[in-house]
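Quantities reported herein were computed from a predicted structural model and do not represent experimental measurements. Each chain gets a letter, A, B and so on, in the order its sequence line appears, and its residues count up from 1. As a basis for the values below, the full set of heavy atoms in this structure was taken, side chains included, without hydrogen atoms, waters or symmetry mates.
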Amino acid sequence: MANYKTLHHWDVTPEEAIKIQNKLRSLVKIEALQGEIRYIAGADVSFDKGSNIVYAGVVVLKFPELEEVDRSLLITEVNFPYIPGLLSFRESPALIKAWEKIKIEPDVVIIDGQGIAHPRRFGIASHFGVLIDKPTIGCAKSLLVGKYEEPSPKAGNYSYLYDSGEIIGAVLRTRDEVQPVFVSIGHKITLESSIKIVLSTIRGYRIPEPTRQAHILVNALRRGEIKPGTKTKPEQDSLFSF
DNA sequence: GCGACAG
DNA sequence: ATCTTGTCGC
C-alpha cells in the first residue's frame, strides 16, 4: 500500500483552499530526478454530467515499455465544485484514495492538469506530488495561466510558458500539426526532464500514455464496463494446475 | 468593471 | 469534465 501525507483537511471553503495552497507551495521541490525510471504512472478522474460521483484511477506502467503492471480504480463522492485554480480540491481526495491501494510504486507520476503553471504555483500535479512525496509532472490539455508563443507545428517542438517574468512550464507539441499540451513541474523534477519524459511516453496520440490509459480506464469504469478495485498482471496459471 | 478561467 | 454524428484531412 502506497502511503501519503495528510497535511490539511479537504472539507474547506474556496477561501481556505487558497490559503492552503499559499502555505504548501513552499514544499514543492525542483530537483533532478533520482535514479532511472522503472515504472511510470498516470492519474485521472471522470464524472457523470451533473453528479457528485467521481470515478478515479491510477495506472502504473512499466517504463519504457509502457505495459500496465498495476491499477487502482474506485468510485467515491465529491462535494467541492470545479473552480479554476482549485481543481486539486475537487479531484485529489479521490486520487489519493486510489493511490493508497497501489502496490507497485512508480518512480514518477503524470497528472492530467497543471503543476506549477498555476496562479499560486500549486496546481494539482504539485499538490498531489507533495502529498505522495513522489516526482510528478503536470500535463494539461489547455491553458490555465501564462503567455506563450505558438510552438512550431512539428512533434517534439516546444516554447516556454511565462507568467510575471518567470518560466512556469512548456507548451509542447506531441504530434505534428496537433494542439500542444501544457507541461509543467509537479514536484521533485525539472522542466527539462518533464518534457523528455512526456515525449518518451507518447505513442501515436496527443496525450502521453500514462494519463491516456488512466483516462480510458476511469471512463470505462463510469460506463460500468469494468469494475472498481485493483489488478495487476494477468494471473499466472499455476505450474501445477491443468 | 471586464475578461480569463486546468478538469 | 460531460452531452454527441458526421465530417474534413492525412
Side-chain angles (χ1 to χ4, degrees), chain A residues 10 14-15 17-18 20-21 24-25 28 42-59 73-96 98 109-131 136-148 153-155 161-164 168-187 191 194 198 204-208 210-225:
Chain A
W10 290 108
E15 295 65 40
I18 289 177
I20 290 173
Q21 294 182 322
L24 302 184
R25 55 182 295 179
V28 174
D44 193 22
V45 303
S46 179
F47 295 88
D48 276 310
K49 15 181 177 177
S51 169
N52 32 344
I53 296 300
V54 54
Y55 303 81
V58 173
V59 190
L73 299 171
L74 65 83
I75 304 174
T76 182
E77 192 177 302
V78 300
N79 292 302
F80 201 92
Y82 167 66
I83 299 174
L86 299 181
L87 175 67
S88 181
F89 288 82
R90 178 173 173 71
E91 307 190 341
S92 287
L95 289 182
I96 287 295
V109 184
I110 299 181
I111 284 81
D112 199 339
Q114 315 288 352
I116 64 172
H118 176 280
R120 291 170 290 284
R121 307 292 182 265
F122 202 64
I124 188 170
S126 295
H127 196 164
F128 190 70
V130 165
L131 295 182
T136 58
I137 298 170
C139 184
K141 298 182 292 300
S142 63
L143 177 73
L144 172 60
V145 64
K147 290 185 164 303
Y148 64 93
K154 293 302 180 182
L161 219 202
Y162 297 87
D163 185 43
S164 51
I168 60 175
V171 185
L172 177 66
R173 195 81 67 181
T174 55
R175 290 195 64 190
D176 291 355
E177 324 289 334
V178 165
Q179 282 294 111
V181 293
F182 300 76
V183 178
S184 61
I185 292 171
H187 184 53
L191 179 58
S194 297
V198 167
Y205 295 88
R206 177 198 178 208
I207 306 302
T211 45
R212 197 177 83 83
Q213 289 304 323
H215 190 267
I216 290 174
L217 287 174
V218 294
N219 271 315
L221 177 65
R222 177 170 60 79
R223 296 167 187 154
E225 299 166 358

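Within 4.0 Å of Arg222(A), counting heavy atoms only, lie sugar-phosphate atoms of the nucleic acid but no base atom.
His118(A) and Leu144(A) get closest at one heavy-atom pair: CD2-CD2, 3.9 Å. Nearest heavy atom pair, residue Ala94(A) against residue Thr76(A), reads CB-CG2, 3.7 Å. Shortest non-hydrogen contact noted between Ala117(A) and Val145(A) is O-CG1, 3.7 Å.
Between Asn219(A) and dT2(C) there is a side-chain N or O to OP1 or OP2 distance below 4.0 Å.
Ring geometry for Phe89(A) versus Trp10(A): interplanar angle over 60°, hence perpendicular rather than tilted (30 to 60°).
Taking a pair as Watson-Crick or G-U wobble with both distances under 3.5 Å, DNA chain C forms no stem of 3 or more consecutive pairs.
For the pair Arg175(A) CZ and dG9(C) P, the interatomic distance rounds to 17 Å; values are reported in whole Å. Taking atom CD1 of residue Ile53(A) and atom P of nucleotide dA1(C), one finds them 19 Å apart after rounding to whole Å.
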| query | Reading DNA chain B 5' to 3', what string of ( ), [ ], | and . shows its pairs, if Watson-Crick and G-U wobble pairs count only when both distances fall under 3.5 Å? | reply | .......
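No donor-acceptor distance shorter than 3.5 angstrom exists from the side chain of His187(A) to the backbone of Phe128(A), with no hydrogens or angles considered. Put simply, the side chain of Arg90(A) gets close to the backbone of Phe80(A): a donor and an acceptor are under 3.5 Å apart.
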| field | Base versus backbone protein contacts along nucleotides 2-7 of chain B [heavy-atom cut-off under 4.0 Å; B, S, -] | value | ---BBB
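A cation-pi arrangement is absent between Arg223(A) and Tyr55(A) under the rule of less than 6.0 angstrom and at most 45 degrees off the ring axis.
The side-chain contact (heavy atoms from CB on, under 4.5 Å) with Val54(A) is formed by just one residue from the set Val45(A), Leu74(A), Val218(A), Leu95(A); it is Val45(A). Screening Ile111(A), Asp112(A), Thr136(A) for a side-chain contact (heavy atoms from CB on, under 4.5 Å) with Ile124(A), the sole residue that qualifies is Ile111(A).
Asp44(A) has no carboxylate O lying under 4.0 Å from a charged side-chain N of Arg212(A), or vice versa, which leaves the two without a salt bridge.
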